[in-house]
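Data first, discussion second: the structure below is written as structure tokens.
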There are 2 protein chains.
Amino acid sequence: MRGEEAFERLRMAILDGTLPPGAPLSRRRLAEEMAMSAVPVADAISRLEGEGLVESRARAGTRVKIATAAEIQGNYVLREALETHSARLFAESADGRQRLRLLAAAERLDRAYNALGRQQQYTQALHAKVERIHIAFHMQIARATKVALFADAVERSRVLLFNWIFTVSPDFEKLPERWHRDLAASLAHGSPEEAAEAMRAHVRYRQGEVLERFERLARQQAQDSRMVRGPRRRPLK
Amino acid sequence: MRGEEAFERLRMAILDGTLPPGAPLSRRRLAEEMAMSAVPVADAISRLEGEGLVESRARAGTRVKIATAAEIQGNYVLREALETHSARLFAESADGRQRLRLLAAAERLDRAYNALGRQQQYTQALHAKVERIHIAFHMQIARATKVALFADAVERSRVLLFNWIFTVSPDFEKLPERWHRDLAASLAHGSPEEAAEAMRAHVRYRQGEVLERFERLARQQAQDSRMVRGPRRRPLK
DNA sequence: TAGTGATAACTGGCGTGCCAGTTCTGGTAG
DNA sequence: CTACCAGAACTGGCACGCCAGTTATCACTA
């Protein structure tokens, strides 16, 4: 029971940005914060490591995983495979009610993104909120297939990027006005092939931009740490 | 170190059929067998549970997961998504050497299946050996993409079924003579679309048969356990 | 014989504590 | 100031042992 609680709380903290990539996860400190012993915390961390959310080096600390550009790239490849099939299955077999709900969800999601684009400045809290709606939209498609194993795989792949994407702040004002509404229309009214192709374009759409931002960020951070390696290493957090 | 060892050994034992679906995994017994304490074993089991290979109920025992028909079905859906994309990427970007190697691997794999079909009787050891070649063939396609995250996802989905499939013994003599050679030819010489469609057909090929066998097996086992529930429950192992 | 129930054996969850290895800190020498 | 290094502080891996809850056993009853 306590192990489950530790797992869920840590997972949530990573996903909502409370524990950003690179944040240290000390077994003892977390155990104290959650009012339990170190054992269930260690088990939770071990499971999170299995999901790829966390990285630990024996006796040298555990931190929230910092993705490499290659891993971001890989995540997009994986998602293209999963979500393209998800779209195909949706177009093949979703019922009328599911199609209508998807169109409505796309409407809400686009509104949220457009509102984000009109904000004066970027805040992670707002970004996190909209990304949660975004993930819900895609999960609505995946879950309509009624195949739990498949929907779970889609969710895991989304969750990985969901964490990583916080380290960049996209140009929200440049996103297409009808970004998801057009996608939803293809899924709801198009053939399976059209739905799959629409989703493929959708997944690929921001891949290049995100990758480029990540690489720039990684170069910058490498340079930062090289600069401080002269006199002394900086305490990471 | 010991935890890693426990994890790998248990994983291997599940995959090669030493621990078939339903086999009990007692923390203390395994710890004794592997000459370590219960902690690393518990951690390994926890991670295996995260991968879906094992199922544990608090204070009532842990066993190797017995798949339901719905999960088998879901596994095929997931694999269709992953492997279809895998095939597409292979056709798009594999180099000449990789294509030649794939054709050769298909040749070997078909020979192994044909040999299995000529065997007088089914033995699990032989089946396991051929299935390992089978999985290696598909991983050769996935790894050619050079996308680790994606190849790992393909492997995980394969591994799940790899365990479950042992509970049925297919009609090996009815398998197509050139089952994988034709697939490999499509991947090595066809367009990305042709490759994807060939893989789709390949994945779907035995899905129906496997599912039917599983359902029949499940019904039979349910009936068995209902019969012995009259006088006394049978010790499961 | 079949059914029942007390109980012994066993299960996974977890608290405590030690260990060897890594990282951080502050004092010292140049 | 900078470079260095010894020791303090902290890290994750693991052993041990207890606990509450589940399951198997077997004498006993009808």
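Both backbone and side-chain heavy atoms feed into the values below; hydrogens, waters and symmetry mates do not. Not measured: the values here are computed from a predicted model. Every chain is numbered from 1, with letters handed out A, B, ... down the list of sequences.
The nearest whole Å value for the distance from the CD atom in A:E32 to the P atom in D:dC10 is 11 Å. Distance, B:L30 CG to D:dC14 C1': 17 Å, rounded to whole Å. One atom, CE of A:M34, and another, C1' of C:dG15, lie 16 Å apart when rounded to the nearest Å. Counting to the nearest Å, the C1' atom of C:dT16 and the CE atom of A:M36 are 16 Å from each other.
By the 4.5 Å heavy-atom criterion applied to side chains, B:V130 and B:L126 are not counted as neighbours. Inter-residue side-chain proximity for B:I14 and B:R11 is flagged as unmet; no heavy-atom pair is nearer than 4.5 Å. Contact annotation: the side chain of B:F137 never approaches that of B:R132 to less than 4.5 Å [non-hydrogen atoms, C-beta and beyond]. Under the 4.5 Å side-chain criterion, counting only non-hydrogen atoms from C-beta, A:L211 is not in contact with A:Y76.
No side-chain donor-acceptor contact under 3.5 Å links A:E55 and A:T62.
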Polar-atom pairs under 3.5 Å, protein N or O versus N or O of nucleotides 19-21 of chain C: list them with distances, or write none.
| residue | atom | partner | partner atom | Å |
| --- | --- | --- | --- | --- |
| C:dA20 | N3 | A:R59 | NE | 3.4 |

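Proximity of the aromatic rings of A:H127 and A:H134 is defined here by a centroid distance below 6.0 angstrom, and this criterion is not met.
Using a distance-only test at 3.5 Å, with no hydrogens or angles considered, a donor-acceptor pair links the side chain of B:N75 to the main chain of B:S157. In terms of modelled atom types and a separation under 3.5 Å, the side chain of B:T145 and the main chain of B:A142 share a donor-acceptor contact.
Close to C:dG15, at under 4.0 Å from its OP1 or OP2, lies a side-chain N or O of A:R2. Within the 4.0 Å cut-off from OP1 or OP2 of C:dG12, at least one side-chain nitrogen or oxygen of B:T62 is found. The side chain of B:S37 places no N or O atom within less than 4.0 Å of a non-bridging phosphate oxygen (OP1 or OP2) of D:dC16.
Between the base of D:dG21 and the side chain of B:R57 there is no donor-acceptor pair shorter than 3.5 Å.
Residues from residues 38-55 of chain B that place a heavy atom under 4.0 Å from any atom of DNA chain D, listed by number: B:V39, B:P40.
When the shell of 6.0 Å around CD of A:E5 is examined, it contains more than 12 heavy atoms from other residues, nucleotides or ligands.
Picking from C:dT11, C:dC14, C:dG15 the nucleotide with the shortest atom distance to the side chain of B:R27 gives C:dC14.
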